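Remember, predicted model here, so these are calculated numbers, not experimental data. Below, read A as the first sequence line, B as the second, and so on, with proteins coming before strands; counting in each chain starts at 1.
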Amino acid sequence: MNLLIQNGRLIDPANGVDKVVDVLIKNGVVASIGEGLESDSVETIDATGLVVAPGFIDLHTHLREPGQEHKETIQSGTRAAVRGGFTAVCAMANTLPPNDERAVTEMIIAESIRNGECRVYPIGAVSKGLQGEALAELAELRGAGCVAVSDDGRPVYNAQLMRRALEYSRMLGIPVVAHEEDLDLTEGGVMHEGYYSTLLGLKGIPAASEETMVARDVLLAATTGGQLHIAHLSTIGAIEAVRHGRKSGIRVTCEVTPHHLALTDEAVQSYSTSFKMNPPLRSEKHRRALLDAIADGTVDAIATDHAPHHFDEKNVEFDLAPFGIIGLETAFAVSYEILVVSGVIELPRLIELFTSGPAKAFSLPGGSLRKGSPGDVTIVDPEGFTVPGDYASKATNSPFTGGRFRGRIAGTVVGGFVKYLDEESMSSSRKSSEKPKTPKRARKQKG
Amino acid sequence: MRTGTTGLRSKDLLGIEPLSAQEIELILDTAEGFKEVSERPIKKVPALRGQLVINLFMEASTRTRVSFEIAEKRLSADTLNFSASGSAVEKGETLIDTAENLMAMRPDMIVIRHKHPGSPKILADRLSASVINAGDGAHEHPTQALLDAFTIRERLGRLSGVNVSIVGDIAHSRVVRSNIHLLTKMGANVTLAGPPTLMPAEIEKMGVRVVHSLDEALEGAEVVMMLRIQLERQGKLSLPSLREYYNTFGLTPERLRRAREGALVMHPGPMNRGVEIASDVADGPWSLILDQVTNGVAVRMAVLYLLAGGHLTES
């Protein structure tokens, strides 16, 4: 099966490409990239006026299956992923049972092949049962297909266990993904500790809760030579610790979520549980520092921390609601609006944060487009708008519902298969194109 | 109907923060009229006749619950008391379901006390009844601040420019938050005192002065408001011992001499005698603690009356 994506602006940061070309995918891989490509019996997408990028990769997704299928399934979560332009997601280990043994990893992979819309890379648990006491069988997990290990949802609290995890995973060539939180400092906190937690009477989570643990783990990464990836980085001190690590040659990468870039703790004034997540929305000065860290290259990836919850679970008092919001279907548009439209970075850097950045951090295939690359492509309509509300995810717990964001996912191609196509972007792109190609229609079968 | 200074803008009283200075003044002025009702041989007016008020107390309370109930009865409302224990809440019913079921019985007002901040707003956003916040976690306790202000105004004749020092467990206190909103809106000068471990983050941004010495807080104070050390809400690490707390921040007759001559002493109750306040002070001539309780009924009558659509001129 062949697919020709014609006349789009290809932005491939890993290869320094930014020009209008055609991309031909044959048998699931990129066959050629160039101008005026022709091919027999191909499906064609006219990407005139649109941006063609390597498929987006999300390093941080909670698919909830097995065990919490009322929140999300591999099928519904990956459907949300392709709607959001993601061709691959990394599935966190805190399922029920957790992904702390080979059989669970295999089940996730099998189900994603059977019913998934995009690639699913499982992340294994660091510790057995996510209990933070003994290492899970990391080599087994790696062998079964896990691309990283993490106890995400909770920190690896025991420093000795973290040390051992970094040492052991170094042997396996995979990163340890750290959810950084000092549970004693958090102590029942439900939002960022600052002026608004004081005003609202809600218990605060201090920035130091995250920062002390990031500092600890950067030092442990130095001690062990292991590869550390900081999940959902949200504070000034955490950024500083990562910068320090980089400067000292320590192997540390990090991700930031769109909601920490777009929102602050001020939003919690509504007491809406769609603003409750962990780490919490921080204050404006932390948000500004994150924007700086995006601009100066400290941040490797934008990751969603897509955390679906059932409506009933969130429809309670703020204190009682579970942490987490969905993010797959809003990530790009929110980031585009906050980072590119407002002039923090240019579009190629944003694409990098969704493609080659995450691919490099976890050593994943994809993230760039050249001959022989996986046929994973995301097509973006920078002029279109995203109005969140009608989600493919089972869950609706998003703080962005009802908003309006510049940037729209026009199409998602996984392994040469068109998994999502937005007819509206396609038709509008044709209208705005300078030299309309008369016979071409979006997703038209030729021959 | 609820415009200008003769009515309240919102159907609910969720906190002092959303109120204007005019609305606060309206409530206090209205309460003056109602205070007189409580002095009569027949302590009842027909203002809320035929109206149903549900007192939804999901957290322990004596003073506030009783005060509301008396206020409701003196306004001739039908009242119903509902508490978490012995109800469907113990069977796992959510707050929203509880409220919607109560609402199906067509109450006109719901008075809610709840340990989780924002709970009254959850009800107010979903129900057509007026919702009155009788204390939500560490967020707000608006009728307490109103009765405190009423008491200060009654004694000093003004709120503007009054030096008020609030001492104690600021972090866990909803009373202090409502009082800061109210007093700063009315032009009073507010000083907070307590150990840094009981001082919430960035509270000075609310327009108050923060000190960590009782003597400094008392200097020039016309009103000293002592807060209870909320033993049940403390982590183990906030205070070394109650003995040390008393020695550092406990209000004794000797230390009170630092304050301005004739300074008034207030406490929202319940008191921990010998922890934040010496009995000599609590029971002394400076103490307004029981006046606060008396005034609580009048203030709550005013709030109920105004939320029911009443006007100052009619009272």
Any side-chain heavy-atom pair from L199(A) and H139(B) closer than 4.5 angstrom?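 With C-beta onward as the side chain, the pair stays apart.
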Greater than 12 external heavy atoms within 6.0 Å of H212(B)'s NE2: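 Above 12, so yes.
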Decide yes or no for E317(A) and K115(B): does some side-chain heavy atom of the first lie under 4.5 Å from some side-chain heavy atom of the second?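 In short, these two side chains do not touch, never coming nearer than 4.5 Å.
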Do E202(B) and Y196(A) make a side-chain contact, defined as non-hydrogen atoms from C-beta onward lying under 4.5 Å apart?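 No, too far: nothing below the 4.5 Å cut-off.
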Sub-4.5 Å side-chain heavy-atom contact between P117(B) and Y271(A):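 Yes - at least one pair of side-chain heavy atoms lies under 4.5 Å apart.
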With the side chain counted from C-beta on, respond yes when I96(B) and N315(A) share a heavy-atom pair under 4.5 Å apart, and no when they do not. yes
Looking at I180(B), I122(B), T94(B), D125(B), which has the largest count of heavy-atom pairs under 4.5 Å with chain A? I122(B)
So for E17(B), is it side chain, backbone, both, or neither that comes closer than 4.5 Å to the heavy atoms of chain A?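 Just its side chain gets close to chain A.
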Just give me the residue among V190(A), V316(A), L200(A) that pairs up with chain B most often, heavy atom to heavy atom, under 4.5 Å. L200(A)
Between K121(B) and chain A, which part of the residue has a heavy atom less than 4.5 Å away: side chain, backbone, both or neither?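 It is the side chain, since no backbone atom gets that close.
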Where on I203(B) is there a heavy atom nearer than 4.5 Å to chain A: the side chain, the backbone, both, or neither? both
